Enquirer: 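This structure is in structure tokens; I'll ask about it shortly.
We use all heavy atoms of the structure for the numbers below, so side chains are in, but hydrogens, waters and symmetry mates are not. In this text, all values refer to a predicted model and were calculated from it rather than measured experimentally.
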Amino acid sequence: MSLIDVSDGVVHGYGIQDKFVAASTAKILAASAYYHLVETGRASLTAPMGNSTAGTQIRRMVQQSNNDSWALILRAVGQWGITDYAASIGITYDRTVNLLTPAEMARTLQLLYTGQLLNAPTLPSSCPICRTPTLRH
């Protein structure tokens with residue numbers, strides 16, 4: 001397990017810190033990568049995706065841990081797209097093996113929480129991973 005003190009960014013690791021099968025925790029990274037595409041004008045939350053829109057698929061993926069939605073988002077982001085996005089935020093990630101360290105997952109959450117990862121004003125209020133006023137410290 002890893003914790004990050006958001007006041008100073010110091011990572012505190014407890015127990016095993018090796019890479020682990022990320023499973024559904026990587027869905028947050030996938031959602032962040034897709035939202036980054038939206039912010040840069042390369043994707044849209046209203047684009048048709050599966051039986052609904054990209055925005056709905058992200059909500060299903062994050063809030064319900066829906067694997068079909070995850071597959072659709074990953075297809076839209078692309079295997080190398082998520083790898084490149086992860087690298088841009090300091091994380092080594094290979095979707096084919098889906099491994100993350102506890103510190104890498106904690107870093108993703110820290111960047112989201114502190115508003116450093118996504119430009120929240122450009123994203124909808126329904127963004128399931130964006131920092132909301134109720135999370136502010």
Side-chain angles (χ1 to χ4, degrees):
M1 175 173 72
S2 287
L3 303 172
I4 296 180
D5 184 335
V6 295
S7 67
D8 60 16
V10 174
V11 177
H12 303 275
Y14 303 94
I16 298 170
Q17 293 297 300
D18 296 337
K19 288 195 178 269
F20 64 97
V21 176
S24 290
T25 62
K27 290 175 180 173
I28 299 300
L29 186 59
S32 299
Y34 191 87
Y35 276 123
H36 179 71
L37 293 176
V38 171
E39 287 182 327
T40 58
R42 294 179 284 164
S44 169
L45 293 172
T46 58
M49 186 177 285
N51 62 358
S52 58
T53 65
T56 298
Q57 296 297 348
I58 288 175
R59 277 192 303 284
R60 289 176 184 164
M61 178 181 70
V62 172
Q63 295 173 346
Q64 301 165 10
S65 196
N66 186 297
N67 288 330
D68 293 334
S69 296
W70 189 17
L72 291 167
I73 294 298
L74 284 174
R75 189 174 305 125
V77 171
Q79 177 179 329
W80 296 113
I82 194 167
T83 299
D84 292 345
Y85 177 75
S88 77
I89 62 171
I91 295 172
T92 303
Y93 179 74
D94 179 347
R95 171 66 192 113
T96 61
V97 292
N98 195 26
L99 300 175
L100 290 169
T101 66
E104 289 169 334
M105 193 63 233
R107 172 116 175 102
T108 303
L109 295 172
Q110 177 224 6
L111 292 171
L112 281 167
Y113 178 77
T114 58
Q116 298 173 62
L117 197 55
L118 300 173
N119 183 8
T122 67
L123 299 172
S125 60
S126 61
C127 171
I129 62 167
C130 296
R131 184 172 180 206
T132 63
T134 58
L135 293 177
R136 292 196 174 123
H137 50 99

Enquirer: Please round to the nearest 0.5 Å and tell me the distance separating atom CZ of Arg60 and atom CD1 of Ile58.
Expert: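 Here the rounded value is 12.0 Å.
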Enquirer: About how many Å separate CG of Asn98 and CZ of Phe20, when rounded to the nearest 0.5 Å?
Expert: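 Nearest 0.5 Å value for the CZ-CG distance: 9.0 Å.
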Enquirer: So, do Tyr85 and Val77 sit near enough that their side-chain heavy atoms are less than 4.5 Å apart?
Expert: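 In short, these two side chains do not touch, never coming nearer than 4.5 Å.
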Enquirer: Is there a chain of hydrophobic side chains (I, L, V, M, F, W, Y, each step under 4.5 Å between heavy atoms) that links Trp70 to Ile91?
Expert: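 Looking at the clustering, Ile91 is in the same group as Trp70.
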Enquirer: Would you give the length of the straight line joining atom CD1 of Ile73 to atom CG of Asn66, rounded to the nearest 0.5 angstrom?
Expert: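 If we round to the nearest 0.5 Å, Ile73:CD1 and Asn66:CG are 10.5 Å apart.
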Enquirer: Quick test of your reading: applying ring-ring contact (aromatic ring centres under 6.0 Å, His included), list the pairs with at least one residue in residues 48-68, sequence neighbours left out, ordered by first then second residue.
Expert: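 The answer is none; no pair qualifies.
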Enquirer: Examine distances only and state if a side-chain atom of Tyr34 and a backbone atom of Ser44 form a donor-acceptor pair shorter than 3.5 Å.
Expert: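 Yes, Tyr34 side chain to Ser44 backbone: donor-acceptor pair under 3.5 Å.
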Enquirer: Which atoms form the tightest heavy-atom contact between Gln17 and Ala103, and what is the distance?
Expert: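 So the minimum-distance heavy-atom pair works out to OE1-N, 4.2 Å.
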Enquirer: Please confirm whether the backbone N or O of Met49 pairs with a side-chain atom of Gln57, one donor and one acceptor, at under 3.5 Å?
Expert: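 Here the side-chain-to-backbone pair exists.
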Enquirer: I need the minimum non-hydrogen distance between Leu72 and Gly50, along with the two atoms involved.
Expert: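 Minimum heavy-atom separation between Leu72 and Gly50: CD1-CA, 3.9 Å.
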Enquirer: Do Leu37 and Tyr35 land in one hydrophobic cluster if side-chain heavy atoms of ILVMFWY residues count as linked below 4.5 Å?
Expert: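 Linked, Leu37 and Tyr35 end up in one cluster.
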Enquirer: Could you tell me which non-hydrogen atom of Ala106 sits nearest to which non-hydrogen atom of Ser2, and how far apart they are?
Expert: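 Between these two residues, the closest heavy atoms are CB-O, 3.8 Å.
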Enquirer: Is it possible for you to say whether Val11 and Leu112 belong to one hydrophobic cluster, with membership spreading through side-chain heavy-atom contacts below 4.5 Å?
Expert: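 No; Leu112 is not reachable from Val11 via cluster members.
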Enquirer: What closest approach, in Å, do Ala86 and Tyr93 show between heavy atoms, and which atom pair accounts for it?
Expert: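 Heavy atoms of Ala86 and Tyr93 come nearest at CB-CB, 3.7 Å.
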Enquirer: Please walk me through it: do Thr108 and Thr25 pass side chain to side chain contact (heavy atoms under 4.5 Å, CB included)?
Expert: CA-CA 10 Å; Thr108 303; Thr25 62; over 6 Å; no
Enquirer: Do the non-hydrogen side-chain atoms of Asn67 and Lys27 ever get within less than 4.5 Å of each other?
Expert: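 Contact flag for Asn67/Lys27 side chains = yes.
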Enquirer: If Ile, Leu, Val, Met, Phe, Trp and Tyr residues are connected whenever their side-chain heavy atoms lie under 4.5 Å apart, and connections chain through other members, are Val10 and Ile4 in the same group?
Expert: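 Val10 and Ile4: separate clusters.
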Enquirer: Closest heavy-atom contact between Leu74 and Ala30?
Expert: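 Taking Leu74 first and Ala30 second, the nearest heavy atoms are CD2-CB, 4.1 Å.
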Enquirer: Atom CD1 in Ile16, atom OG1 in Thr101: separation rounded to 0.5 Å?
Expert: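 Going from CD1 on Ile16 over to OG1 on Thr101, the span is 13.0 Å.
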Enquirer: Would you say Leu100 ends up clustered with Leu109 if hydrophobic residues are merged whenever their side chains have heavy atoms under 4.5 Å apart, either directly or through other cluster members?
Expert: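 Cluster IDs for Leu109 and Leu100 match.
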Enquirer: Nearest 0.5 angstrom please: Lys19 NZ to Glu104 CD, how far?
Expert: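 Reported value, rounded in 0.5 Å steps: 3.5 Å.
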Enquirer: Rounded to the nearest 0.5 Å, what separates atom CZ in Arg107 from atom CD in Gln116?
Expert: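 That separation rounds to 6.5 Å.
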Enquirer: Is there side-chain contact between Met105 and Ile28, with at least one heavy-atom pair below 4.5 Å?
Expert: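 In contact.
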Enquirer: Kindly give the cluster partners of Leu3, where membership spreads through any ILVMFWY side chain lying under 4.5 Å from a current member.
Expert: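 Under the 4.5 Å side-chain rule, Leu3 groups with Met1, Tyr14.
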